[in-house]
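Lettering of chains follows the sequences in order, A, B, ..., and the numbering in each one begins at 1. These figures come from a predicted structure and were not determined experimentally.
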Amino acid sequence: MRSADTGTQTVRLRIWRGDSQAGRFVEYSVPFNDGEVVLDVVHRVQATLAPDLAVRWNCKAGKCGSCSAEIDGRPRLMCMTRMSLFDRDSPLTIAPLKTFPAERDLVTDVGFNYAVAGRVPPLAPRQTEPGEHHRIWDADIERVQEFHRCIECFLCQDVCHVLRDHESNKNKFVGPRHLVRLAELEMHPIDTADRRATARHDLGISYCNITRCCTEVCPAGIAITDNAIIPMKERVADRFFDPLRLLAAKLRSRPDSGPAK
Amino acid sequence: MGAALSELRELAAEIEVHSFDVVVIGAGGAGLRAAIEATAMGASTAVVCKSLLGKAHTVMAEGGIAAAMGNVYAEDDWKVHFRDTMRGGKMMANWRMAQLHAQEAPERVWELEEWGAAFDRTGDGRISQRDFGGHRYARLAHVGDSTGLEMIRTLQHRLAQSDAQVFMEHTVISLLTDADRISGVLSYSRSDGRFVLLEAKAVVLATGGIGKAYRVTSASWEYTGDGHALALRAGAELADMEFVQFHPTGMVWPPSVRGILVTEGVRGDGGTLRNSDGRRFMFDYIPPYFAEETAQSEAEADAWYEDKRANRRPPDLLPRDEVARAINSEIKAGRGSPHGGVYLDIASRRSAEYIMKRLPSMYRQFKELADVDITTDAMEVGPTCHYIMGGVRVDPETGASSLAGLFAAGEVSNGLHGANRLGGNSLGDLLVFGRRAGAGAAAYASGAGQSGRISASEVSELCADALAPLTSEGGENPYQLQGELADLMQSNVGIVRRSDELAHAIERLEDLEERSYQAHAPGGRKFNPGWHAALELRSMIVVSRCIATCAVARTESRGGHTRDDYPSADQALGRINFLLRWAGPKTGPSTGGSLELTTAAVEEMPEELAQLFVQGQGS
Ligand code: FES
């Protein structure tokens, strides 16, 4: 792919073009430079060959979660995927997220994620004395800070088999992103609500069968399965199947030692 | 709903029409906070934003929220913060805004905590505060180095609990006015290209900045100065447009990431700037204005991180304008790094563990995008266009602009930061004045009676004008025009300015404006970024003209405005704000004389506040 005379390289891309009705892969060939990421070459296609090529992006530094796509079949952020990763002669395939309805080109309708977000009951902070503020210990806050790193790129939602393979599941299961949100609230040191019934009935936590695909694709490095979903599943199981353990847990918990659940 | 509106419905059946008390444009920190406040006050509220919810520019803010909570240094209070803000802004800030901000920021931070924000903690369980440039005490509440993400997500979830209606991926084309007050907002939906008309009693602009007008920038595609241009063309006044902040530390290599922000927190947490000789060159650039409060030796600077009472602040943490100019000079003198920056070194000064805990996203950013491990190697950094201090001139208490019914908050507004913004004061600005503007707009709306009339013919005209790029065969490529503009501004209205270059820029901008209205975007109306680029180009050019026009007028160097031909500050000009009004046609290309430049005296602060600046007092 390197042309000796200019020092620049050329890449062939197969980009999905289309809308909710129909679409196909279109091949483009553009130059690229050392250090560039996939989003750079997609932008080059847009600026020089296909001005109407639809693609989302904002930060170009892995902070906003806008530029999700499936690159050679793997869900990734285009802005954090270096071109140097792909060292071979066949074209690079860039497709929109499959789990969500196609809107146009690389842009999908991710409205599902915003629609179901409201199913997770919000924070219910414990009261402080007037003029006082919460005292929270590092170790307690660090646990939820991991979940707060989520940039809502929805790659976990995209790769989740429950959502990806069965459209009808979207009525029953909110997906890993929102189970992370559940965990961050449930483990929040100042929260007082109990969302276990919600987790079971409205969020469909039992649909998750722990294949860990979500964890693998998370660009923020959140241990979605191990640190969020499994502990939540355990809490829900406790609540519904073991009233004695629940009672014991309640007796053990004190107001100042983290979540009283 | 007025008669004009039903008429309009017949006239243009494909236009979707809604009606609200308050329409907020922009969903970054200021817009979300404004909408939360407006709904809390009972106003029916809409939020219109160009991207998906939670992706606005605030998400990229790194360092923290400046708020004198006194958690780390009990001596800190609003007066010290107020003084830092005024001095950092070279005494050009609106004193009342600086006061309100310093007084209210702590409440706004604690409120975020009640809403779920998970701030880093001090050893005794309170919200931790970090050092930043220009702040006397460690003052920034933070979440690692991704404080903006925490803030936007917290506000987004809070807003979701209200009944505000969000129009995601909608771009505003024009503000609508009835005589001399706001009557609505014309936008289009990016996903399907249809026009959406929002009748409104009050509008809050929270559209952020203008960074895309420059080649090397920390801004995303959204930063095209839409709000500035919308306000100006609707009849509101802009002020201080010459003051543009170049953040001293953007990435410089590889070219793909040039301009991406490197948080000031690196220096706040102990990082230091060095040139190619390994020299900590900032000691050579301490201006007399800050000499009294700046360390004069490396030993004192290093000791300051541990003990702020006995030592003065390192020159690496001078306000951003000073540091950016110093870096610029080092590079020009040939003492830069291989890729045209200087070195920012924290690796040799702090443990890898500390760096990973305090600066995790910087670590990832350099590791993944530049193959640099910041725990073992120095970063290469250089100035990048980051922020505009100028904007819509507002009333400090309510955010009201000079146009009835139009409010503004955050970067699009003017006043808090004067000639130069201190790091950390932006996020506080969004919260304090977002809330105030939301409240101001809701109160105005409840007393406004009937909505203003919307002219059907004006709307049709605006729609036709917006659709023109789709059919203007033979016009230029909007992306290329945007690139040409960015290069023009970068080299002629950049970090150091000169009268001949400014004159050249103004001439070229007029030509670019003509051509921008001929730009052609092939394709349809559905999610067509080329079409979008053609439309936002118009805002970018208006704003660029504003910056250049004020930059010509300010024949001195001050804060975010440096003139090669007028290198020092001018006392008299330091007491004057430059104001701009639009005198051209409401749509289409303007004529050369369409910007009206006037001046206003910087408002004098009351005596008890002025006392804070008497020599030696609390410095
Ligand atoms: S553009 Fe923000 S994550 Fe890629």
Side-chain angles (χ1 to χ4, degrees), chain A residues 19 33-37 39-40 43 46-48 50-66 79-80 82 103-105 107 109-111 114 117-118 122-123 125 133-138 140-142 144-145 147-152 181 184-185 188-191 221, chain B residues 51-57 59-60 110 113-121 123-127 143-144 146 148-150 153 157-158 160-161 166 168 191 220-222 253-257 260-261 361 364-365 368-370 477-480 483 521-524 526-531 533:
Chain A
D19 56 23
N33 309 302
D34 282 340
E36 288 190 333
V37 294
L39 187 61
D40 289 317
H43 277 156
Q46 191 185 53
T48 57
D52 61 342
L53 170 63
V55 54
R56 286 196 182 104
W57 71 283
N58 285 72
C59 70
K60 210 171 174 289
K63 298 174 203 289
C64 75
S66 301
C79 73
M80 295 301 279
R82 298 276 293 269
E103 201 166 292
R104 201 181 146 73
D105 304 340
V107 170
D109 176 359
V110 291
Y114 291 93
L123 188 84
H133 302 286
H134 298 288
R135 293 294 180 112
I136 302 172
W137 311 113
D138 246 340
D140 294 330
I141 206 73
E142 273 172 16
V144 302
Q145 280 178 336
F147 307 137
H148 284 221
R149 292 205 306 258
C150 170
I151 56 174
E152 298 204 322
R181 170 79 180 143
E184 86 186 34
L185 290 164
H188 199 297
I190 65 169
D191 182 61
Chain B
S51 287
L52 295 172
L53 204 52
K55 313 297 183 194
H57 227 274
V59 82
M60 292 152 70
W110 281 313
E113 178 159 85
E114 290 294 326
W115 295 350
F119 292 107
D120 289 349
R121 318 305 297 183
D124 63 353
R126 292 185 288 185
I127 294 174
V143 182
S146 48
L149 170 65
E150 189 71 11
R153 198 70 78 233
H157 288 307
R158 183 74 187 179
Q161 294 172 48
V166 182
M168 286 199 260
S191 77
S220 81
W221 68 271
E222 292 200 292
W253 188 261
S256 157
V257 298
I260 291 180
L261 190 65
S361 85
R364 273 187 55 218
Q365 188 171 309
E368 293 179 29
L369 296 174
N477 174 333
Y479 300 102
Q480 266 159 28
K526 284 188 181 177
F527 220 113
N528 181 343
W531 180 30

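The residue among B:Glu114, B:Gln365, B:Arg153, B:Met60 with the most heavy atom pairs within less than 4.5 Å of chain A is B:Arg153. Ranked by heavy-atom pairs shorter than 4.5 Å toward chain B, the options A:Ile151, A:Leu39, A:Ile136 are led by A:Ile136. Taking A:Arg56, A:Glu103, A:Met80 one by one and counting their heavy-atom pairs under 4.5 Å with chain B, the maximum is reached by A:Arg56. Per-residue heavy-atom pair counts under 4.5 Å with chain B were compared for A:Cys79, A:Cys150, A:Gly62, A:Gly118, and the maximum is reached by A:Cys150. Options A:Asn33, A:Leu53, A:Asp109 differ in how many heavy-atom pairs under 4.5 Å they form with chain B, and the most are formed by A:Leu53. For the set A:Ala61, A:Ala47, A:Ala117, the entry with the most heavy-atom pairs within less than 4.5 Å of chain B is A:Ala47. Between chain A and the options B:Gln161, B:Arg158, B:Lys55, the largest number of non-hydrogen pairs under 4.5 Å is found for B:Lys55. Of the listed residues (A:Gly111, A:Ala50, A:Ala54), the one with the most heavy-atom contacts under 4.5 Å to chain B is A:Ala54.
In this structure, the portion of B:Glu150 lying under 4.5 Å from any heavy atom of chain A is its side chain and not its backbone. Proximity to chain A is limited to the side chain of B:Ile260, based on heavy atoms less than 4.5 angstrom apart. For B:Trp253, no part sits under 4.5 Å from any heavy atom of chain A, backbone or side chain. Proximity to chain A (any heavy atom under 4.5 Å) is shown, for B:Leu53, by both the backbone and the side chain. Interface remark: B:Ala370 contributes backbone atoms only to the contact with chain A (heavy atom separation under 4.5 Å). Interface remark: A:Val37 contributes backbone and side-chain atoms alike to the contact with chain B (heavy atom separation under 4.5 Å). Interface residue A:Arg181: only side-chain heavy atoms are found under 4.5 Å from chain B. With a threshold of 4.5 angstrom between heavy atoms, B:Trp531 does not approach chain A through any atom at all.
The main-chain N or O of B:Ser51 is found under 3.5 Å from a side-chain atom of B:Glu222 such that the two form a donor-acceptor pair. Checking side-chain atoms of A:Arg104 against main-chain N and O of B:Ser191 turns up no donor-acceptor pair under 3.5 Å. A side-chain donor-acceptor contact under 3.5 Å links B:Asn528 to the backbone of B:Gly530. A donor-acceptor contact shorter than 3.5 Å links the side chain of B:Asp120 to the backbone of B:Gly144.
Atoms NE2 and CD, from A:His133 and B:Glu113 in turn, are 8.5 Å apart once rounded to the nearest 0.5 Å.
Between B:Leu149 and A:His148 the shortest side-chain heavy-atom distance does not fall below 4.5 Å. Side-chain contact between A:Pro189 and A:Val144 is present, with at least one heavy-atom pair separated by less than 4.5 Å.
For the pair A:Asp40 and A:Lys60, the salt-bridge criterion is met [side-chain N within less than 4.0 Å of a carboxylate O].
Under the rule for a side-chain contact (heavy atoms from CB on, under 4.5 Å), the partners of A:Asp138 that lie at least two apart in sequence or sit in another chain are A:Ile141, A:Glu142, B:Arg121, B:Lys357.
Note: A:His43 and A:Trp57 have perpendicular aromatic rings, judged against thresholds of 30 and 60 degrees for the angle between ring planes.
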